[in-house]
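Computed from a predicted structure; not experimentally measured.
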Amino acid sequence: MRAVGTQVFCASGPSAVVLMAAAAEAGLLPEAGRRVLLVCDDAPVPEAAPPWDEVPGFARLRARFDAVLSWNEAIRPFHPAAWTPRTEDVPLLERHLRRLWGLGDERVELVLGAPDTPPAQAVARVFTGAPLHVCAGGPADYGPTRGKLDPLLGTRVRQVLHLELIPGLTPALLAEFGTPARVIPAEAFRAVTGRSPRR
């Protein structure tokens, strides 16, 4: 039986969705009552092309989630690559999004990309008390955290999940907070890219 609560997967592209789905199917994330994909299209002009979650072939990834939501629609007219909420607006925004997305007062966990840049940082700031799980998607995440991250955010990260791009090397992302790093098995990653969803 799944645990009570909702996991929100904040992804900026299909490759991030694949990585997050692989982490979930490998058992690296806590069980959840509901898993929701939050699409964050941070292209320079998102309106100039169809949303990446509507391109042919994405349906197989979409089917792994109980619902798909749009961050762009939620914060319009702001651009997700540049906007973060003001501190005084956070309580109102969280109440608004919980109502908009049907979250009520239930426990929320966030699965993000690197939390030191928007839109991941903006989502993490809105859901102030939510535990965070970070999926590190590329070679840049093997280096130190880019920029200075608010300790109130950094200490909420439970783990950094990553592919073993460099055997034996642990990513330095969020190491300043003592965040443990865990490898996403390559087999789980391949399964998500090449097989029907497991429910």
Side-chain angles (χ1 to χ4, degrees), residues 1-40 42 52-53 55-69 107-117 119-121 123-124 127 130-146 149 153-199:
M1 174 182 282
R2 282 183 166 186
V4 176
T6 295
Q7 281 175 350
V8 178
F9 293 72
C10 174
S12 296
S15 60
V17 179
V18 171
L19 192 66
M20 292 172 180
E25 295 198 0
L28 298 176
L29 294 170
E31 291 295 314
R34 190 166 64 128
R35 285 180 169 152
V36 172
L37 175 62
L38 181 61
V39 173
C40 306
D42 57 1
W52 54 257
D53 64 308
V55 300
F58 191 79
R60 186 168 53 83
L61 285 174
R62 176 186 285 264
R64 286 182 150 80
F65 300 91
D66 299 297
V68 178
L69 305 170
R107 174 185 171 88
V108 171
E109 288 189 332
L110 302 178
V111 184
L112 311 166
D116 51 342
T117 58
Q121 185 174 127
V123 176
F127 291 93
L132 310 176
H133 305 272
V134 169
C135 284
D141 295 317
Y142 276 84
T145 309
R146 299 177 291 275
L149 190 64
L153 194 156
T155 53
R156 289 164 50 200
V157 181
R158 300 296 187 259
Q159 57 185 338
V160 174
L161 303 169
H162 65 99
L163 292 174
E164 195 172 30
L165 301 178
I166 306 172
L169 184 62
T170 300
L173 180 67
L174 300 171
E176 67 270 32
F177 297 104
T179 307
R182 301 176 69 188
V183 174
I184 300 171
E187 300 78 32
F189 186 81
R190 286 193 293 266
V192 173
T193 59
R195 199 166 68 201
S196 298
R198 294 178 296 176
R199 299 298 296 172

Checklist line | Side-chain donor or acceptor of E187 paired with backbone N/O of A191 under 3.5 Å | finding: no
Check: Nearest 0.5 Å, what's the CZ-CG distance between R156 and L174?
Finding: 12.0 Å
Checklist line | For W52 against G13, the heavy-atom pair lying closest together | finding: CZ2-N, 3.4 Å
Margin query: Contact between P115 and L149 at the side-chain level, heavy atoms closer than 4.5 Å - yes or no?
Written below: yes
Notebook entry, point to check: Within a strict 4.5 Å, meaning less than it, do heavy atoms of the T170 and V160 side chains meet?
Noted result: no
Check: Got L112 and V157 here, is their nearest side-chain heavy-atom distance under 4.5 Å?
Finding: no
Check: Among all residues two or more places apart in sequence or in another chain, which pass the side chain to side chain contact (heavy atoms under 4.5 Å, CB included) test with P30?
Finding: Q7, E109, H133
Checklist line | Closest non-hydrogen atom pair between C40 and P119, with its separation | finding: CB-CG, 3.5 Å
Notebook entry, point to check: So how far is it from T193 OG1 to R60 CZ, rounded to the nearest 0.5 Å?
Noted result: 7.0 Å
Item checked: Nearest atoms (heavy-atom pairs only) where A124 meets L153 -> CB-CD1, 3.9 Å
Margin query: Listing request: all side-chain hydrogen bond (donor to acceptor under 3.5 Å, both in side chains) pairs with a residue in residues 136-146, at least two apart in sequence or in separate chains.
Written below: T145-E176
Item checked: Test side chain to side chain contact (heavy atoms under 4.5 Å, CB included) applied to A21 - qualifying residues, sequence neighbours left out -> R64, V192
Next item on the list: Of all the heavy-atom pairs spanning A11 and A16, show the shortest one and how long it is.
Entry: CB-CB, 4.0 Å
Check: What pairs with D53 under salt bridge (charged side-chain N to carboxylate O under 4.0 Å, His left out), at least two apart in sequence or on another chain?
Finding: R62
Check: Under a 4.5 Å cut-off applied to non-hydrogen side-chain atoms, are V17 and F65 in contact?
Finding: yes
Item checked: side chain to side chain contact (heavy atoms under 4.5 Å, CB included) partners of L163, counting only residues at least two apart -> L19, L165, I184, F189
Check: What residues, two or more places apart in sequence or in another chain, satisfy side chain to side chain donor-acceptor pair (under 3.5 Å) together with R158?
Finding: none
Margin query: Strictly distance-based, threshold 3.5 Å: is any side-chain N or O of D66 a donor or acceptor partner for the main-chain N or O of V36?
Written below: no
Check: For V55, which residues count as a side chain to side chain contact (heavy atoms under 4.5 Å, CB included) partner, sequence neighbours excluded?
Finding: F58
Next item on the list: Kindly compute the distance separating SG (C135) from CG (L29), expressed to the nearest 0.5 Å.
Entry: 6.5 Å
Checklist line | Non-hydrogen side-chain atoms of H162 and V183 separated by less than 4.5 Å | finding: yes
